[in-house]
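Working notes, beginning with the structure itself.
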Amino acid sequence: MAGIRVKAKLKKGVVKVKAMAKHDMSTYNQMEKKTGNRDDANFITHLSATVNGETVLDSSTSQFLSKNPIFKFEFQGIGAKGDKVKMVWTDRKGNTGKGSAKIK
Amino acid sequence: MERRQFLSMTLGALALAVVPASVKAEDFRKLKPNVWSAHTVDDAIKAMYGTTTLIENDSVYLKAAGEAYNSGKKAVASSGGAIPVNFSTKVPAKTIAVFQDANPEAAVIVYSVTKYSVNNYDIKIKMAKPGTITVVVEGEDGKLYAAKQTLDVALGGCEG
């Protein structure tokens with residue numbers, strides 16, 4: 001099941017988030033070797049995080065992130081303990097993966 | 001009159017309410033497709049920001065495979081499949097982008113900074129061979145701040 005695992009912790013007013021997306025992140029060259037078709041490459045192209053409907057992370061990504069990539073980021077000024085951090089990724093084939101965690 | 005006011009108010013409130021957070025998201029793969037197909041770091045930075053003038057004045061911190069950019073040492077990554085990269089900046093930023101020159105294309109990730117962001121990020125990247133990681137921060141003043149770190153890669157990550 002594709003998705004993303006999220007952990008969020010509030011410390012001194014800053015929420016630190018650690019997330020691991022479950023994804024192969026195959027590159028064009030890898031897929032050319034494996035299947036002979038560069039177009040089989042699939043990787044996360046966009047990753048975002050929201051808290052209470054507000055965007056706190058917004059990133060466009062390429063195939064050069066590691067397999068099952070880990071993202072750590074921080075934000076402040078929004079989010080209290082118990083609020084949910086929701087994350088969504090979209091990949092090159094249009095699939096999406098979701099995950100969320102309560103801020104601890 | 002009252003009814004009209006009420007109507008316009010509700011309409012306004014509705015319009016505000018229905019704009020989902022995702023509309024704000026900036027998908028740089030769609031906005032700037034050339035960035036992602038550029039083969040060199042210079043080309044990619046140019047496609048992204050229109051210039052390649054970078055200011056390297058310690059306002060961007062970069063650590064790759066355990067070595068800080070200003071340590072004077074070359075970092076060594078034992079596996080190119082997952083190289084830990086940490087970068088942060090105190091500069092008020094609009095976007096932050098990461099590039100490297102070891103893979104077929106240069107761009108790795110572009111963040112659009114939100115008003116809640118604390119600009120301290122950790123990611124793991126792949127590199128096929130030894131190369132240089134460049135982190136570019138587009139400040140709110142329009143200038144580009146950067147930090148670079150060169151690393152050795154013992155085992156390439158893109159060969160699979």
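The sequence lines fix the lettering, A, B, ..., with proteins before strands; numbering per chain opens at 1. These figures come from a predicted structure and were not determined experimentally.
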In Å and rounded to the nearest 0.5 Å, what is the OG1 to CH2 distance from A:Thr61 to B:Trp36? 6.5 Å
Pair B:Glu105, A:Phe64 - check side-chain contact (heavy atoms from CB on, under 4.5 Å), show working. CA-CA 9 Å; B:Glu105 288 90 24; A:Phe64 303 126; 3.6 Å; yes
State, to 0.1 Å, how close B:Tyr111 and A:Ser59 come at their nearest heavy-atom pair, and which atoms those are. CD2-CB, 3.5 Å
Option from B:Asn120, B:Asp122, B:Asn119 for which side chain to side chain contact (heavy atoms under 4.5 Å, CB included) with A:Glu74 holds: B:Asn120
Region of B:Gln100 that comes under 4.5 Å of a non-hydrogen atom in chain A: side chain
Co-membership, hydrophobic cluster, residues A:Ile103 and A:Ile78, 4.5 Å side-chain: yes
Side chain proximity check, A:Glu54 to B:Lys115, heavy atoms < 4.5 angstrom: yes
Side chain, backbone, both or neither: which part of A:Val14 has an atom under 4.5 Å from a heavy atom of chain B? side chain
Approximate separation, where rounding is to 0.5 Å, of A:Phe73 CZ and B:Thr114 OG1: 9.0 Å
Please round to the nearest 0.5 Å and tell me the distance separating atom OG1 of A:Thr27 and atom CG of B:Asn103. 8.0 Å
Could you grab the distance from atom CD1 of B:Ile83 to atom OG of A:Ser66, nearest 0.5 Å is fine? 9.5 Å
Indicate, with yes or no, if B:Phe87 and B:Ile55 share a hydrophobic cluster defined by side-chain heavy-atom contacts under 4.5 Å among Ile, Leu, Val, Met, Phe, Trp and Tyr. yes
For a quick test of reading the model, state the closest non-hydrogen atom pair linking A:Asn29 to B:Pro104 and the distance between them. ND2-CG, 3.4 Å
So does B:Lys32 have more than 12 non-hydrogen atoms from other groups sitting under 6.0 Å from NZ? yes
Between A:Phe71 and B:Ile109, does a side-chain contact (heavy atoms from CB on, under 4.5 Å) hold up when you go through it step by step? CA-CA 11 Å; A:Phe71 303 89; B:Ile109 190 164; 4.0 Å; yes
From B:Tyr116 atom OH to A:Gln76 atom CD, the distance as rounded to the nearest 0.5 Å: 11.5 Å
Take a 6.0 Å sphere around NZ of A:Lys81 and say whether it holds more than 12 heavy atoms from other residues, nucleotides or ligands. no
Same hydrophobic cluster for B:Ile123 and B:Val118, using side-chain heavy-atom links shorter than 4.5 Å among ILVMFWY? no
Cluster check B:Ile125, A:Met25: I/L/V/M/F/W/Y, side chain < 4.5 angstrom: yes
Tell me every residue that passes salt bridge (Lys or Arg N to Asp or Glu O under 4.0 Å) with B:Lys74, counting only those two or more places apart in sequence or in another chain. B:Asp152
For B:Asp43, the side-chain contact (heavy atoms from CB on, under 4.5 Å) test, sequence neighbours excluded, returns B:Ala38, B:Thr40
Hey, could you give me the CG/NZ distance between A:Leu65 and B:Lys126, rounded to the nearest 0.5 Å? 8.0 Å
Which heavy-atom pair separates B:Arg29 from A:Ser62 by the least distance, and what is that distance? NH1-CA, 3.5 Å
Please check if B:Tyr121 and A:Val85 belong to a single hydrophobic cluster, counting links between Ile, Leu, Val, Met, Phe, Trp and Tyr side chain heavy atoms closer than 4.5 Å. yes
Which atoms of A:Leu57 approach chain B - backbone, side chain, both or neither, heavy atom under 4.5 Å: both
